[in-house]
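Take a look at the structure set out below.
Naming convention: chains lettered A, B, ... in sequence-line order (proteins, then strands); numbering from 1 in each chain. Below, all heavy atoms of this structure are taken into account, side chains as well, without hydrogens, waters or symmetry copies.
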There are 2 protein chains.
Amino acid sequence: MGRPPSAKPTSFDIAYLAGVSQPTVSRALRGSKSVSAATRANIERIARELNYTVDKNASSLRSQRTHTLALLFFEDPTPDESMINPFFLSMLGSITRECALRGYDLLISFQQMHNDWHVAYQDSHRSDGIILLGYGDYQLYLTKLEHLVEMGTNFVRWGSVSDDGIGLTVGSDNVGAGEQAGAHLVEIGRRAIAFLGDASDHAPEFQDRYTGLCRAMRAAGISPDPALQRDAVSSEASGYAAAQSLLAGRASFDAIFAASDLIAIGAMRALAEAGLKLPQDVAIIGFDDIPAATLTSPTLTTVMQDMKGAGTLLVDALLASIDGRPVEQRVLPARLIKRQSTAV
Amino acid sequence: MGRPPSAKPTSFDIAYLAGVSQPTVSRALRGSKSVSAATRANIERIARELNYTVDKNASSLRSQRTHTLALLFFEDPTPDESMINPFFLSMLGSITRECALRGYDLLISFQQMHNDWHVAYQDSHRSDGIILLGYGDYQLYLTKLEHLVEMGTNFVRWGSVSDDGIGLTVGSDNVGAGEQAGAHLVEIGRRAIAFLGDASDHAPEFQDRYTGLCRAMRAAGISPDPALQRDAVSSEASGYAAAQSLLAGRASFDAIFAASDLIAIGAMRALAEAGLKLPQDVAIIGFDDIPAATLTSPTLTTVMQDMKGAGTLLVDALLASIDGRPVEQRVLPARLIKRQSTAV
DNA sequence: ATAATATGCGTATACGTATACCCTATGGTC
DNA sequence: GACCATAGGGTATACGTATACGCATATTAT
């Protein structure tokens with residue numbers, strides 16, 4: 001049981017000083033109940049004095065648990081590679097916070113993963129599980145998700161809940177949010193409501209928002225006009241183009257519900273350039289409540305998602321899945337933030 | 001040399017199939033030149049067929065190199081914990097990209113670290129080095145930096161280059177950028193130029209920008225008026241307050257140079273509420289070129305920093321330091337982006 | 001031809017921790 | 001007082017890789 005203290009302290013050094021064996025040190029520090037209170041206290045004291053920290057690699061190697069999660073972004077490739085959807089960024093904060101709270105480290109990557117990103121983080125024992133974020137081309141990565149399931153990888157993703165049943169999903173109540181937006185527009189007297197955002201199953205979340213809008217319109221006795229829907233991905237440029245296309249169309253409209261704030265902001269620019277007055281001529285609602293939504297003129301009415309709750313729920317669900325605990329799909333409520341763009 | 005293939009393949013499995021010893025597999029996959037081309041090719045083929053990946057923990061434990069960097073944020077605590085300075089976020093993209101390119105993983109944390117964050121990532125062998133980002137209270141963490149140096153921890157930080165000589169710093173040419181901004185304001189005929197941003201040594205970057213502004217003014221024969229400087233931290237609220245204080249002061253001004261875009265945006269709101277016309281009554285320049293700078297009205301003239309270069313340089317410098325290669329402090333050029341807020 | 005190198009690879013072992021298993025002393029049970 | 005359970009902690013070993021060393025065989029120098 002010899003061996004004097006050396007450079008970076010190990011559990012052996014502590015054991016030596018405490019007059020016990022190395023395994024006892026390990027047990028004491030990990031809270032095993034087969035160590036007496038006195039011994040534990042002594043070991044903890046020495047550990048503190050030596051500034052001892054458990055070697056993450058050795059610990060992970062032995063226990064096969066890394067206490068690390070990986071966060072992967074799937075985004076449409078943007079011209080500027082360093083651009084990240086502001087919406088996801090605000091989620092980042094709550095995820096890191098939640099991980100820290102649970103004693104987990106967080107690995108992060110924005111890379112457009114090649115074919116075997118699934119291998120990269122789980123098989124090589126870098127992380128215990130994966131969080132997937134992204135608006136990216138949805139169909140394209142479904143097969144990869146299936147692969148993940150097949151390999152027994154633990155993962156959760158943010159998106160449209162219960163869309164395909166692959167793995168675990170956490171998301172906002174997009175349909176409900178769409179209904180709120182639609183109801184508000186109807187309430188302020190709008191009847192020809194356009195929707196900007198992909199309504200196909202390539203973007204389930206956008207589709208859900210459109211579904212909610214339509215539901216609200218029908219509840220008010222309005223029948224949604226398909227001619228007033230335009231595809232758009234979540235970017236200002238795409239919103240600008242979609243709004244121009246709408247303006248060029250024959251169908252008139254007095255309101256727009258955009259599937260994201262970036263789309264809305266692009267659309268507002270197109271409308272302003274066309275000489276339309278907001279919100280008098282066209283009321284507009286966005287989605288996400290990004291910081292810029294308060295800077296536009298008029299300020300943008302939008303749907304705020306519960307970012308803090310999202311981070312918590314994602315990490316929560318993933319850890320449950322890792323620990324083999326049962327876990328239910330959960331949907332987060334969203335809230336309509338009324339600003340000038342719908343104030344008439 | 002026995003042992004048949006098992007569940008998750010290890011280097012032993014490959015060795016068994018290739019008819020060589022485990023160390024040879026390790027050597028082959030790591031590119032050692034003491035393995036024949038034929039043997040190497042065979043081993044690589046088998047590894048591919050088995051979907052083999054090196055176990056990160058075992059590898060790190062043995063080699064004492066994690067091939068992982070840690071990114072830590074120091075921010076002023078904000079009411080909303082999940083808010084992150086948009087400026088740093090745009091750097092995040094280029095850092096992750098650079099890490100991936102070099103084969104490094106990236107650990108991330110936004111936590112207001114307690115007293116011993118320095119220990120947390122290096123001593124426990126989670127990462128080979130640390131990248132520090134933040135506008136936070138500068139003096140407050142100087143002692144911690146010294147501690148890092150003392151412990152032999154590898155780290156780089158973003159900030160004002162050559163301010164204190166502690167560790168390695170990468171940053172923009174803040175003085176030069178301040179000069180550009182000042183020169184531009186002088187060029188459009190402004191002479192009473194106010195500065196919003198802490199000019200003390202609590203915020204060396206802001207101080208540098210102020211220094212540059214003063215230098216440009218003096219070059220034009222204008223003597224900077226200390227009464228036109230107001231402290232502000234990088235937030236909209238702080239900028240708003242600073243501008244109000246300025247308006248309440250007796251000294252008149254026809255231009256503002258704000259130390260960050262968030263400050264500028266807050267100031268613009270205060271000016272607009274005071275009934276001033278931008279840029280006719282007051283021209284304004286920000287710093288950072290955050291996305292919102294194009295959304296304000298008028299759109300905001302600002303200084304764009306080289307984010308991509310920043311990420312590359314930070315990672316570059318850190319890796320050099322880790323590898324014991326010599327590394328020089330480097331400064332990145334910044335560029336003035338002229339928009340409506342200075343268009344007269 | 002013989003000694004000196006180099007090439008290619010096997011043997012042994014270390015990295016630091018966590019856990020299965022075993023042993024000893026104590027206390028309680030009848 | 002023999003018997004068994006329990007607490008407390010030691011012994012041995014595994015996790016999967018990387019590297020120091022040694023030992024053949026092949027190559028070159030002399």
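- In this entry the distance linking CD1 of A:I14 with P of D:dG10 reads 14 Å, nearest Å.
- In this structure, the NZ atom of B:K33 is 10 Å from the P atom of C:dA6, given to the nearest Å.
- Just one residue in the list A:L168, A:L145, A:I131, A:L133 forms a side chain to side chain contact (heavy atoms under 4.5 Å, CB included) with A:R157, and that residue is A:L145.
- Shown here are the side-chain hydrogen bond (donor to acceptor under 3.5 Å, both in side chains) partners of B:S60, two or more places apart in sequence or in another chain: there are none.
- Atom CG in A:L29 sits about 13 Å away from atom P in C:dT19, given to the nearest Å.
- Distance from the side chain of A:L61 is smallest for D:dG16 among the nucleotides D:dG16, C:dC15, C:dT11.
- For A:L29, the side chain to side chain contact (heavy atoms under 4.5 Å, CB included) partners at least two apart in sequence or on another chain are A:V25, A:I43, A:E44, A:A47, A:Y52.
- Among residues two or more places apart in sequence or in another chain, the salt bridge (charged side-chain N to carboxylate O under 4.0 Å, His left out) test is passed with A:R65 by A:D128, A:D323.
- Listed by chain and number, the residues in a salt bridge (charged side-chain N to carboxylate O under 4.0 Å, His left out) with B:E146 amount to none (sequence neighbours excluded).
- Contact check, A:S34 against D:dG8: no side-chain N or O comes under 4.0 Å of OP1 or OP2.
- With rounding to whole Å, A:K56 atom NZ is found 18 Å from D:dT17 atom C1'.
- Applying the side chain to side chain contact (heavy atoms under 4.5 Å, CB included) test to A:A41 and every residue at least two apart in sequence or in another chain returns nothing.
- Checked against side chain to side chain contact (heavy atoms under 4.5 Å, CB included), A:V35 has the following partners two or more places apart in sequence or in another chain: A:R27, A:A28, A:T39, A:R40.
- Comparing the end axes of the helix from C:dA1-D:dT30 to C:dC30-D:dG1, each fitted to five base pairs by superposing C1' atoms of four pairs onto the next four, gives an inter-axis angle of 40° (nearest 10 degrees).
- Near DNA chain D, defined here as any heavy-atom distance below 4.0 Å, there are no residues from residues 35-49 of chain B.
- Under the salt bridge (charged side-chain N to carboxylate O under 4.0 Å, His left out) criterion, B:R102 pairs with B:E98, B:D316, not counting sequence neighbours.
- Considering only residues two or more places apart in sequence or on other chains, B:R30 meets the side chain to side chain contact (heavy atoms under 4.5 Å, CB included) condition with B:S26.
- The phosphate of D:dG16 has neither OP1 nor OP2 within less than 4.0 Å of any side-chain N or O from B:T10.
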Between the protein and nucleotides 18-25 of chain D, list the N/O to N/O atom pairs that are separated by less than 3.5 angstrom.
unit_1, atom_1, unit_2, atom_2, d
D:dA18, OP1, B:S59, OG, 3.2
D:dA18, OP2, B:S26, OG, 2.7
D:dA18, N7, B:Q22, NE2, 3.2
D:dA18, N6, B:Q22, OE1, 2.9
D:dA18, N3, B:R62, NH1, 2.4
D:dT19, O4', B:R62, NH2, 3.2

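- For residues 47-60 of chain B, every residue pair satisfying the salt bridge (Lys or Arg N to Asp or Glu O under 4.0 Å) rule, not counting sequence neighbours, is listed here: B:R45-B:E49, B:K56-B:D105.
- To the nearest angstrom, P of D:dA14 lies 21 Å from CG of A:N57.
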